[in-house]
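Heads up, the thing below is written out as structure tokens.
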Amino acid sequence: MIYYLIKSGASILWFCVYPFVGYMIKKFFSKSKIIVLLVLSSILFCPILVGYSYVQPLLNESLFLIIISCTYSLMIKDTKWQLTSITSLSSFLFLGFVIFFGKMLVTLKKKNQWNIGNYKIEYFEERGFSGGPLLVYKLNKYTEFPVFIKEIESKEDTDTINNCIIKFPTSKFQFNKCTGGRSSKLQLTIEIPTAPTPTH
């Protein structure tokens, strides 16, 4: 959760609008319609709980926003805007506090991304409070129908120059970051010279 907050940065603060969204939902929708919307959103959100993500940008975040907004609309007993404003401000201050101190401890920057077939490789650079950078390569795979994507393995590296071949040992996947393509297994052939045939 903290890793996601640091990765998303200040863009995650838009979740703080959930009290206002819940306020509008409660004001214009009946309780039965809110429950139906909450159930449908929860069903669509289930693949995310087991490690998958929607390929469509912001769909994961939008579903989560709908879920917490509907939950909030069912919890509040009235539609006074004062309560909504206080809740939104409290959420903003809390998330802002976590993101600020998280950024002080760890800086996460996405450096590059490659798409090879039904795989996506993401390259991040992590910098802690002290020490050199830590390179993180994340191997993601699309489902047969490209609606979902799932991270299947990650690998840490420290060589920024000399290492072109990135190997993911668990999935047996090799990637050449210098050419941006999938790498086949390298085979080394050694030729042993034969002794010359003696002449008489």
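For the side chain to side chain contact (heavy atoms under 4.5 Å, CB included) with Leu38, the lone residue among Ile66, Ile68, Ile25, Leu74 that qualifies is Leu74. Of the options Glu122, Lys150, Lys120, Glu153, a side chain to side chain donor-acceptor pair (under 3.5 Å) to Asn140 is made by Glu122 and by none of the others.
Within the 4.5 Å cutoff, no side-chain heavy atoms of Tyr72 are placed close to those of Lys26. Proximity of Phe173 to Ile166: side-chain heavy atoms (C-beta onward) are nowhere separated by under 4.5 Å. Leu135 has its side chain out of reach of Glu156: every pair of non-hydrogen atoms, C-beta onward, lies at least 4.5 Å apart. In this structure, the side chains of Ile165 and Phe175 stay at 4.5 Å or more apart for every pair of heavy atoms.
In the hydrophobic clustering (ILVMFWY side chains linked at under 4.5 Å, chained through shared members), Met75 stands by itself.
Tracing side-chain contacts under 4.5 Å through hydrophobic residues (I, L, V, M, F, W, Y), one reaches Met24 starting from Phe29; they form part of the same cluster. With hydrophobic clusters built from ILVMFWY side chains whose heavy atoms lie under 4.5 angstrom apart, Ile149 does not share a cluster with Tyr123. A single hydrophobic cluster is seen to contain both Val21 and Phe28, as judged by linkage of ILVMFWY side chains at heavy-atom distances under 4.5 Å, directly or through other members. One hydrophobic cluster, built from ILVMFWY side chains closer than 4.5 Å, cannot hold both Val55 and Leu139; they sit in different ones. Follow the hydrophobic side-chain contacts under 4.5 Å out from Val147 and you reach Leu63 in the same cluster.
Within the structure, side chain to side chain donor-acceptor pair (under 3.5 Å) pairs that include any residue of residues 32-49 comprise Ser30-Ser32 (at least two apart or interchain).
Listed by chain and number, the residues in a side chain to side chain contact (heavy atoms under 4.5 Å, CB included) with Asn60 are Ile48, Ser53, Tyr54 (sequence neighbours excluded).
Rounding to the nearest 0.5 Å places CG of Leu59 at 8.5 Å from CZ of Phe148. Between Tyr137 atom OH and Phe168 atom CZ the span is 8.5 Å, to the nearest 0.5 Å. Rounded to the nearest 0.5 angstrom, Ile35 CD1 and Leu40 CG are separated by 12.0 Å.
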